[in-house]
**Q** 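Can you keep this structure in mind? I'll have questions shortly.
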Amino acid sequence: LFVDVRGVLEQPPKTGAGSTYPRVLRIVELRRADPAGAGCRENLRYFELRAWGDDPFWRVDVSRNGIIWSSYGAPSSVAFPYGPPRRDGDTIRYAVVREGAERHELELLMKPGRCTDSRTGAVTWLSVEARLNGRALRGCAYEGERTQ
């Protein structure tokens with residue numbers, strides 16, 4: 001089981017579980033849980049956001065090197081230039097265009113909210129709506145590391 005949480009280090013309780021430790025972690029937010037444990041093998045430094053969905057399967061990896069759309073449908077893979085996200089309240093938005101022989105537009109809208117992958121049972125704290133060339137797809141997302 002892989003779990004990504006945010007928490008606060010606190011003084012331990014005076015008695016009971018954890019009372020013998022110098023500090024305890026109080027979890028305040030579940031960011032991601034993966035029953036397959038795949039997150040243990042992942043290097044979060046290589047991307048700042050990963051989003052995916054099923055029916056049909058698609059995946060987007062966002063990094064400073066670019067944004068890669070992959071799917072089993074057409075087009076199967078498209079590379080976009082990196083564009084920084086914009087925040088509007090709780091919403092994180094990426095919007096990029098790839099010019100060339102074929103023009104492709106990608107928009108990702110992430111909002112806080114529990115999202116469960118129906119195929120794997122993985123849970124994230126972000127739901128996503130992805131629009132590739134106007135076609136809307138829904139899925140889950142999680143953050144990697146953002147370099148400043």
Side-chain angles (χ1 to χ4, degrees), residues 1-10 12 18 21-148:
L1 176 67
F2 171 82
V3 182
D4 179 3
V5 297
R6 288 203 175 164
V8 177
L9 286 174
E10 300 180 329
Y21 293 102
R23 308 277 275 169
V24 295
L25 176 65
R26 179 174 51 89
I27 296 172
V28 296
E29 184 179 33
L30 173 66
R31 308 281 285 182
R32 181 174 162 214
D34 186 346
C40 297
R41 296 180 298 279
E42 231 172 6
N43 189 338
L44 299 178
R45 290 187 189 127
Y46 292 125
F47 62 92
E48 68 180 56
L49 183 97
R50 177 165 288 153
W52 76 98
D54 292 314
D55 201 21
F57 174 79
W58 59 273
R59 178 173 141 173
V60 176
D61 287 319
V62 177
S63 77
R64 296 291 174 125
N65 295 324
I67 299 174
I68 306 296
W69 168 276
S70 305
S71 71
Y72 288 127
S76 61
S77 181
V78 180
F80 292 89
Y82 176 79
R86 289 188 5 199
R87 293 189 181 261
D88 181 16
D90 287 351
T91 302
I92 303 167
R93 179 180 182 261
Y94 289 88
V96 290
V97 175
R98 179 183 145 187
E99 301 288 353
E102 289 186 58
R103 178 185 166 90
H104 294 285
E105 296 179 21
L106 177 64
E107 180 180 41
L108 302 171
L109 295 169
M110 276 76 53
K111 295 181 180 180
R114 182 183 173 119
C115 186
T116 303
D117 183 327
S118 59
R119 188 174 42 85
T120 66
V123 175
T124 68
W125 74 285
L126 286 172
S127 62
V128 62
E129 180 178 313
R131 292 182 188 271
L132 179 65
N133 301 325
R135 181 179 181 201
L137 300 164
R138 298 198 185 287
C140 301
Y142 61 91
E143 295 173 302
E145 286 187 11
R146 276 204 173 91
T147 56
Q148 301 300 323

**Q** Judged by atom type as modelled, is there a donor-acceptor pair below 3.5 Å linking the side chain of Thr124 to the main-chain atoms of Ala141?
**A**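 Yes, because the side chain of Thr124 sits within donor-acceptor range (under 3.5 Å) of the backbone of Ala141.
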**Q** Apply side chain to side chain donor-acceptor pair (under 3.5 Å) to Glu107 and list each qualifying residue two or more places apart in sequence or on a separate chain.
**A**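 Once residues adjacent in sequence are excluded, the partners of Glu107 under the side chain to side chain donor-acceptor pair (under 3.5 Å) criterion are Arg93.
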**Q** Tell me the closest heavy-atom pair linking Ser77 and Ile68, and the distance in Å.
**A**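 Shortest heavy-atom separation between Ser77 and Ile68 comes out as OG-CG2, 4.2 Å.
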**Q** Under the ring-ring contact (aromatic ring centres under 6.0 Å, His included) rule, collect the residues that match up with Phe57, sequence neighbours excluded.
**A**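 Only Tyr72 meet the ring-ring contact (aromatic ring centres under 6.0 Å, His included) criterion with Phe57.
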**Q** Hey, are Arg31 and Glu143 close enough for a salt bridge, meaning a charged N less than 4.0 Å from a carboxylate O?
**A**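 Judged by the 4.0 Å cut-off on N to carboxylate O distance, Arg31 and Glu143 do form a salt bridge.
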**Q** Apply the test side-chain contact (heavy atoms from CB on, under 4.5 Å) to residues Trp69 and His104: give CA-CA distance (whole Å), side-chain angles for both, the deciding distance (0.1 Å), then the verdict.
**A** CA-CA 11 Å; Trp69 168 276; His104 294 285; over 6 Å; no
**Q** Using a 6.0 Å cut-off, check whether atom CG of Leu9 has over 12 heavy atoms from anything other than its own residue.
**A**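 Correct, the count exceeds 12.
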**Q** If the threshold is 4.0 Å, N to carboxylate O, is there a salt bridge linking Arg86 and Asp88?
**A**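 Answer for the salt bridge query: no.
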**Q** With sequence neighbours excluded, tell me which residues meet salt bridge (charged side-chain N to carboxylate O under 4.0 Å, His left out) with Arg103.
**A**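 Partners of Arg103 by the salt bridge (charged side-chain N to carboxylate O under 4.0 Å, His left out) criterion, ordered by chain and then number, come out as Glu99, Glu105.
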**Q** Tell me the ring-ring contact (aromatic ring centres under 6.0 Å, His included) pairs involving residues 110-145, sequence neighbours left out?
**A**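 Only Phe47-Tyr142, Trp52-Tyr142 qualify under ring-ring contact (aromatic ring centres under 6.0 Å, His included).
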**Q** To the nearest 0.5 angstrom, please state how far the CZ atom of Arg98 sits from the CG atom of Asn133.
**A**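 One gets 10.5 Å once the value is rounded to the nearest 0.5 Å.
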**Q** Tell me every residue that passes salt bridge (charged side-chain N to carboxylate O under 4.0 Å, His left out) with Asp34, counting only those two or more places apart in sequence or in another chain.
**A**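 Here no residue qualifies.
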**Q** Quick one: salt bridge (charged side-chain N to carboxylate O under 4.0 Å, His left out) partners of Arg6, sequence neighbours excluded?
**A**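 Arg6 satisfies salt bridge (charged side-chain N to carboxylate O under 4.0 Å, His left out) with no other residue.
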**Q** Can you confirm whether more than 12 heavy atoms, excluding those of Arg138, are under 6.0 Å from its CZ atom?
**A**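 No, not enclosed.
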**Q** Quick check on Glu102: does its CD atom have over 12 non-hydrogen neighbours (other residues, nucleotides or ligands) under 6.0 Å away?
**A**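 Result for CD/Glu102: open.
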**Q** What do the steps show when you test Val3 against Leu30 for side-chain contact (heavy atoms from CB on, under 4.5 Å), and what is the final call?
**A** CA-CA 8 Å; Val3 182; Leu30 173 66; 3.7 Å; yes
